[in-house]
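Each chain gets a letter, A, B and so on, in the order its sequence line appears, and its residues count up from 1.
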Amino acid sequence: MIDKLRRIDETRLEVPLDYKKGMRVPGIIYVDSLLEKELELQAVDQVANVATLPGIVNCSTAMPDIHNGYGFPIGGVAAFDLKEGIISPGGVGYDINCGVRLLRSNLRKDEVIPRLKDLVDVLYREVPSGVGSKGKVRLGPDDEKRILIKGAVWALENNMGDPSDTERTESGGHIEGADPSLISGKAYERGRSQQGTLGSGNHFLEVQYVDEIYDEQAANALGLFTNQVTVMIHTGSRGFGHQVCTDFLEVMERAAAKYGIELYDRELACAPFHSSEAQDYLAAMRAAANYAWANRQCIMHWTREAFMKVFSSSPRALGMSLVYDVAHNIAKIEEHMIKGERRKLVVHRKGATRAFPPGHSELPVIYRHLGQPVLIPGDMGRASFVLLGTEKAMQETFGSTCHGAGRVLSRHQAIKMARGRKIWRELEDRGIIVRSAGRETLAEEMSDAYKDISAVVDVVHKAGLSKKVARLRPMGVVKG
DNA sequence: ATGTCC
């Protein structure tokens with residue numbers, strides 16, 4: 001029960017070893033007393049369940065945007081030893097490499113407001129969205145395989161961006177070790193028509209403006225200034241990644257039994273890191289991650305084209321360069337210091353953002369002195385945030401921080417609460433123009449359905465897991 | 001999140 005939790009300090013709650021039988025390490029949930037009230041019992045239970053898995057290192061961690069997920073909580077971070085540990089699709093999630101990218105511009109808010117409706121219309125037309133939406137990219141079988149290996153670099157080779165984009169993308173926009181031969185026919189089929197599509201649910205493309213800066217020097221280094229217009233793109237690997245996850249959950253359920261791993265919840269299906277099943281999943285997951293990076297790159301390209309049309313100017317003159325692109329649903333092999341010893345671990349981040357500190361060799365040279373840019377999308381009515389990674393995150397959370405607001409209402413509850421309201425109208429009254437493909441998406445995604453993003457970000461800032469740089473406010477939203 | 005049940 002929740003009263004078995006122990007408060008460590010203002011921002012941390014411990015799930016003690018005796019919370020549940022079988023826990024190998026404790027759990028740590030980053031919440032203050034306010035967000036603690038919104039903790040779901042089931043999500044806390046999931047933190048404890050993850051702590052029972054073989055080879056887990058330090059503790060089972062969750063961020064302040066924690067909520068129920070498949071097996072592992074969303075907002076969870078779990079790192080496993082490569083010898084004794086496991087790898088689990090539930091620790092990554094169905095939307096492999098769901099992530100966020102942020103584009104800057106030279107435009108000011110007051111220059112865009114008179115053209116905002118037009119801009120949102122053009123963006124809605126240029127970027128396919130909605131459940132099962134089909135892209136305008138026509139792929140042959142070989143193209144799709146190239147995407148799985150090259151990720152965003154494939155898009156550059158097809159004249160949709162330049163090397164400064166992939167330089168500013170986590171993992172350079174393509175992760176090594178993807179194996180297209182491990183992808184099912186079903187996944188290929190679903191992926192063929194969906195490259196370059198936004199999807200639905202909480203995925204979005206948003207025109208925003210910078211309304212508050214917390215760290216002038218850092219904002220300047222990232223190319224951000226007050227009242228500047230930015231664009232945030234939040235999407236993932238669409239039906240392709242979903243199918244990869246589905247395919248491998250089946251493989252992993254059999255593998256867990258085969259290798260004698262006791263599962264406290266069958267949704268924790270996993271396999272020992274060095275098993276062929278785990279290695280195959282990793283190679284397939286990487287292919288899906290690359291699919292997602294290509295997806296965000298295509299969408300960003302069309303975003304630049306849309307701005308070019310509406311403002312009759314070149315993207316270069318508009319200053320539309322990529323600030324950064326983060327993955328928040330992925331497993332990566334990384335080196336971390338554990339009790340004074342440098343160790344290679346497989347870090348699962350499921351609804352958690354990497355937040356590497358200044359000086360880390362995996363950061364692009366232009367940002368190495370700053371720390372990794374962290375992009376946190378909020379709901380469509382409130383705000384989004386830019387932060388930077390820290391040394392404290394490296395020490396406490398395997399270089400990780402939160403990923404978003406986190407739901408407080410289920411989709412069903414949200415639809416019920418929105419009955420009789422016009423969500424688009426409520427947003428328009430607040431100066432936010434919204435266009436959506438799905439009939440019920442706006443209800444599911446209204447502000448009331450989410451935790452307060454500012455409260456979530458304040459916890460990770462106060463805990464030192466990342467530091468606030470800027471707050472972005474929505475102006476125009478394209479929803480799936 | 002997801003051709004929201006083959």
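OP1 and OP2 of B/dT2 both lie 4.0 Å or more from every side-chain N or O belonging to A/T246. Between A/R411 and B/dT4 there is no side-chain N or O to OP1 or OP2 distance below 4.0 Å.
A/T401 approaches A/V374 most closely through the heavy-atom pair CG2-CG1, 3.5 Å.
Atoms CZ (A/R238) and P (B/dT2) sit 5 Å apart, rounded to a whole Å. Atom-to-atom, CG of A/N295 to C1' of B/dT2 comes out at 14 Å; the value is rounded to the nearest Å. When the C1' atom of B/dT2 is taken as reference, atom NZ of A/K186 falls 12 Å away, rounded to whole Å. When rounded to the nearest whole Å, the span between CD of A/E189 and P of B/dT2 equals 17 Å. Rounded to an integer number of Å, the gap from A/D247 CG to B/dC6 P is 13 Å. The CD-C1' distance, from A/Q243 to B/dT2, rounds to 10 Å in whole Å.
Under a cutoff of 6.0 Å and an axis angle of 45°, A/R435 and A/Y124 form a cation-pi pair.
The six-membered or imidazole ring of A/H461 lies away from that of A/F385, with a centre-to-centre distance of 6.0 Å or more.
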Per-pair distances, 0.1 Å, donor-acceptor, side chain in residues 417-424 of chain A, under 3.5 Å, sequence neighbours excluded:
| unit_1 | atom_1 | unit_2 | atom_2 | d |
| --- | --- | --- | --- | --- |
| A/R421 | NE | A/E426 | OE2 | 2.8 |
| A/R421 | NH2 | A/E426 | OE1 | 2.9 |

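Partners of A/E126 by side-chain contact (heavy atoms from CB on, under 4.5 Å), not counting sequence neighbours, listed by chain and number: A/V122, A/K136, A/W302, A/A306, A/K309.
Side-chain contact annotation: A/R407 with A/N68, donor-acceptor N/O pair under 3.5 Å absent.
A heavy atom closer than 4.0 Å to some atom of DNA chain B occurs in no member of residues 70-80 of chain A.
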